[in-house]
Visitor: 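Can you keep this structure in mind? I'll have questions shortly.
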Amino acid sequence: AEDLLMNYKGMLYPRVLCNVDMFQALETFDAREDDLLIATYPKNGTNWMIQILHEMVSLVHNREILLDTQWIEFGNPEMLARFKDRPSPRILATHLNFKNVPRSIFEKKVKILLLVRNPKDTAVSFYNFHNNLDSLPSYNTWDSFFKDFTNGKVVFGQYFDFFATWEKHFNNKTMMAITYEEMKMDYPTALKKISEFFQLLLTEEQINLVASRTSFNSMKDKSENTHGKLGDSFFRKGDIGDWKNYFTEDQSKEVDALFEKYLADTKLGKMLNYDKYCK
Ligand code: A3P
């Protein structure tokens, strides 16, 4: 299982997608002022947000929908070179910890949307993902995954470290945070917030169109086209609260304590509405 993972500067990455050449090439990554960046911890709804931005950009810029998102850290330097020719606005995505994001993203004041999901559902989604993909280590038990999750021995590091670091550098000018849970509870309002933040201005009707094209069921239905045979692994349940089917009382308390320690008193932590979704 170990050889499925790569360690680069103390962080684990999936070897199937990441390599040292790419990480070195990223040191000179050239962001554009009008790039749009989605930053997420894994399993926080990245593919959902990617689809939303593609739908919005295609409506506003009269563009065909191509899921040509550039994952900052995935692939090889040749892909990065090809991405230089893409028309603006380019849609970028990353799971990188704030400290590893190429600096030109910040120098060019690229707008960054941080999508945040509660840690308990994130863990359950991540566990299932590991066991459904050949390219990540599988786990015989939920308990063994839970240990690695809380210790940060998973790709892209520990959930709490990821958010605590982004939180520390959060600014309201170029960054916006939105939660998976608020998107589930009031989708039209969430879509309006996203479109306004990126200045992808849409009519009410267009917002409704984006909503229907990016619903869980509609994305699951077309997942074979968008994600090939991995489709089922990316669109599993799409629910809030599945953690209750996995967590023991002790595990639940352990995550509560981590939340208290790292996030409870922060802006991102408060947005999570932790008591409502995690207790
Ligand atoms: P579950 O495993 O809990 O179902 P990512 O894209 O970052 O890998 O996140 C995957 C999670 O987002 C999965 O969670 C997936 O089902 C959920 N998801 C994907 N598309 C969604 C949508 N349109 N609406 C709600 N949840 C969605």
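Heavy atoms only: backbone and side chains are in, while hydrogens, waters and symmetry mates are out. One-based numbering, in listed order, for ligands and for the atoms of each.
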Visitor: List the protein residues in contact with ligand 1, where contact means a heavy-atom separation under 4.0 angstrom.
Guide: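 Residues near ligand 1: K43, N44, G45, T46, N47, W48, R117, S125, Y180, T214, S215, F216, M219, F234, F235, R236, K237, G238.
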Visitor: Have S223 and D232 got a donor and an acceptor in their side chains that come within less than 3.5 Å?
Guide: no
Visitor: Going by the angle between their ring planes, with limits at 30° and 60°, are F145 and H130 parallel, tilted or perpendicular?
Guide: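 Correct class here is tilted.
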Visitor: Would you find a donor on one side and an acceptor on the other, under 3.5 Å apart, between the side chain of N128 and the backbone of V124?
Guide: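 Such a contact is found between N128 side chain and V124 backbone.
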Visitor: Find out whether the Lys NZ or Arg CZ of R103 is both under 6.0 angstrom from the six-membered ring centre of F98 and within 45° of the ring's axis.
Guide: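 Cation-pi check for R103 and F98: passes.
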Visitor: With sequence neighbours left out, which residue pairs that include part of residues 186-221 fulfil the ring-ring contact (aromatic ring centres under 6.0 Å, His included) condition?
Guide: W48-Y187
Visitor: May I ask you to check if K43 and F129 form a cation-pi contact, with NZ or CZ under 6.0 angstrom from the six-membered ring centre and within 45° of the axis?
Guide: yes
